[in-house]
Chemist: 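Encoded as structure tokens, here's the structure I'll be asking about.
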Amino acid sequence: MLRETQWVKRPRATVAAVSGEWVHMIISIVGIGYIGLPTAVMFALGGHRVVGMDLNGKAVAALNKGRVIIEEPQLAEAVAEAVRGGNLSASMKVEPADAYVICVPTPILPDRRADMQAVRSAAESLLPLLKKGDTVILESTSPPGTTRDLIAPILARSGLDPLRDLQVAYCPERVLPGRILIEMKENNRIVGGLTASAAVAVRELYRSFVAGDIYLTDATTAEMTKLMENTYRDVNIALANELAKICERMDINAWDVIAMANRHPRVHLHQPGPGVGGHCIAVDPWFIVEKQPELAQMIALARRTNDGMPEHVRERVRALLPEAGGRVCVLGVTYKPDVDDMRESPVIELIRELRLLPGVEVVVSDPHVDFEGSNRIGIEEAAAGADLLLLAVNHKEFKAPDFVRLSACMRQAVVLDTRNFWSGADLAAKGFAYHLLGMGRNPS
Ligand SMILES: NC(=O)c1ccc[n+]([C@@H]2O[C@H](COP(=O)([O-])OP(=O)(O)OC[C@H]3O[C@@H](n4cnc5c(N)ncnc54)[C@H](O)[C@@H]3O)[C@@H](O)[C@H]2O)c1
């Protein structure tokens, strides 16, 4: 796939656009994780000389051997090819370059403000190296104003003027884990420049591998745009979760309502579930709330609504278990189906909540991750003697277990499906009492 794409040198950068020459830039990628490493590979295969910098010695050593320590389709092959071709290497310190791309983490602090420490220190690490004409790009998801109010003042400590002497821009990522290399090439991108000329220069740089459209704006607009993309989805999911709770009270099937409503040409309701996880949708909206807490009312409420779902599911479980408690078999613990990522997973919170109930024991099965040995516990082993089967993540491995055997091995054959993944009628025919998040009554 990668080989078929046009990894040929293109005329690029402002110099090249003017002169028509093939100019190879030296690019330093600061932070070679899930975003930085694929970005480094794309630039390298696009004809630039790229050095990936990271504080993690293992990531650096692996890259220098042409290997990777993270899982992402096609990445290992692409890294091997780029390193073999001589365009990609790694270092534990930032090397002098023409362009610097900051791809370090921006996690959330316990008080729900963005932790900008890694961004700050990454920007500071450039200070001894910056020269007139260099490009500095922030890719990390950041609160609006970061490039202008945090990055630019740090860069100014070099003695250079970030507006006149450097090309500084914010260029966010929109890739989906599992499709990162494909989407990095195909997705549309936004470039927000501190100046108009910075936006143009950075667009030309990304043109070396981006086939999608590249839209130019200012840095703060680009930062807010990135956050609103994920906030839109968080608010939409919160709406679906609220609908699910309302429907449970009113004996309506929320999933049917959503499916019917989505037949409207301008409606796209998302799905309810046991909460929202991952390091983007569950985190990014707080970066807006942090900036305007009085105004970001709906955004904060959506976050709290989604964060409240594990507690809601706990109450549904409590009602289905014998009064003295019982054993719950939880299927799936990752933050979404078919990935090996548990970051911010609401299922972890749900399990914690369940264990606070008196007399409740929890066994977890998940083939994708090792959560208390979850990848070594099969569905039947986890379900043996259980009082409730709780479908928490709709991994494809859970689509069609042998329900007859499962109902036979459980102490009581009761299911709570939080993803509308199974057919209630089918499970009822196989001996289960089937319950669905977002629906109050048993379908039988
Ligand atoms: N992963 C995604 O799907 C995704 C999508 C869109 C945006 N983002 C954003 O991209 C940014 C990076 O995310 P990620 O998933 O690549 O994170 P990651 O944790 O996978 O990688 C970050 C890397 O940066 C390194 N690092 C930390 N501090 C450093 C420093 N001061 N100097 C050099 N290296 C340093 C870490 O060792 C790590 O290898 C975050 O802001 C994230 O929100 C991620």
Side-chain angles (χ1 to χ4, degrees), residues 28-42 51-64 67-73 75 79 90-95 97 100-109 113-129 136-144 146-147 150-151 154 170-184 187-190 192 222-231 233-234 277-288 290 334-336 339-344:
S28 173
I29 307 285
V30 186
I32 46 172
Y34 282 96
I35 292 302
L37 183 55
T39 304
V41 170
M42 298 303 263
V51 182
M53 181 269 165
D54 206 292
L55 304 176
N56 178 350
K58 279 192 192 149
V60 169
L63 181 54
N64 280 328
R67 298 205 201 111
V68 294
I69 59 166
I70 52 180
E71 248 184 62
E72 177 61 31
L75 184 62
V79 163
S91 169
M92 287 195 68
K93 63 180 187 30
V94 189
E95 303 288 343
Y100 300 90
V101 186
I102 298 174
C103 302
V104 297
T106 44
I108 197 151
L109 293 162
R113 282 181 307 112
D115 179 352
M116 300 307 287
Q117 188 41 47
V119 168
R120 201 173 289 117
S121 77
E124 284 169 349
S125 70
L126 311 183
L127 289 177
L129 303 170
V136 179
I137 301 159
L138 177 65
E139 277 217 16
S140 304
T141 306
S142 302
T146 299
T147 308
L150 178 70
I151 300 286
I154 291 173
Y170 178 70
C171 186
E173 257 320 326
R174 295 166 153 170
V175 289
L176 183 71
R179 284 176 46 84
I180 291 181
L181 288 188
I182 296 166
E183 294 208 352
M184 259 189 191
N187 285 358
N188 298 333
R189 280 193 98 105
I190 316 166
E223 288 156 349
M224 183 62 101
T225 304
K226 165 69 194 171
L227 298 178
M228 271 315 283
E229 290 164 5
N230 285 336
T231 299
R233 299 181 62 204
D234 198 46
H279 57 294
C280 290
I281 298 181
V283 169
D284 297 356
W286 290 121
F287 293 3
I288 301 177
E290 159 184 348
T334 57
Y335 83 87
K336 66 174 186 174
V339 297
D340 64 349
D341 194 341
M342 290 189 282
R343 282 182 286 182
E344 315 288 331

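Atoms within a ligand are numbered from 1 in the order they appear, just like the ligands themselves.
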Chemist: Is a side-chain N or O of D115 found less than 3.5 angstrom from the main chain of L109, in a donor-acceptor match?
Modeler: no
Chemist: So does T147 get a backbone contact from the side chain of E223, meaning a donor-acceptor N/O pair under 3.5 Å?
Modeler: yes
Chemist: Return the set of residues passing side-chain contact (heavy atoms from CB on, under 4.5 Å) with N188 (not counting sequence neighbours), or none when no residue passes.
Modeler: R174, D213, Y215
Chemist: Let's go through T146 and F287 carefully: what are the C-alpha distance in whole Å and the side-chain angles of both, what is the deciding distance for side-chain contact (heavy atoms from CB on, under 4.5 Å) to 0.1 Å, and is it a yes or a no?
Modeler: CA-CA 11 Å; T146 299; F287 293 3; over 6 Å; no
Chemist: Sequence neighbours excluded, which residues qualify as side chain to side chain donor-acceptor pair (under 3.5 Å) partners of R179?
Modeler: E183
Chemist: State which residues pass side chain to side chain donor-acceptor pair (under 3.5 Å) with E173; sequence neighbours excluded, sorted by chain then number.
Modeler: R189
Chemist: One line per pair, note the atom names and distance for all nitrogen or oxygen contacts under 3.5 Å between ligand 1 and the protein.
Modeler:
from     : atom 1 : to   : atom 2 : distance (Å)
ligand 1 : 1 (N)  : H279 : NE2    : 3.1
ligand 1 : 16 (O) : Y34  : N      : 3.2
ligand 1 : 16 (O) : I35  : N      : 2.9
ligand 1 : 20 (O) : Y34  : N      : 3.0
ligand 1 : 31 (N) : S121 : OG     : 3.1
ligand 1 : 37 (O) : D54  : OD1    : 2.6
ligand 1 : 39 (O) : D54  : OD1    : 3.3
ligand 1 : 39 (O) : D54  : OD2    : 2.6
ligand 1 : 41 (O) : T106 : OG1    : 2.6
ligand 1 : 41 (O) : T141 : N      : 3.0
ligand 1 : 43 (O) : T141 : OG1    : 3.3

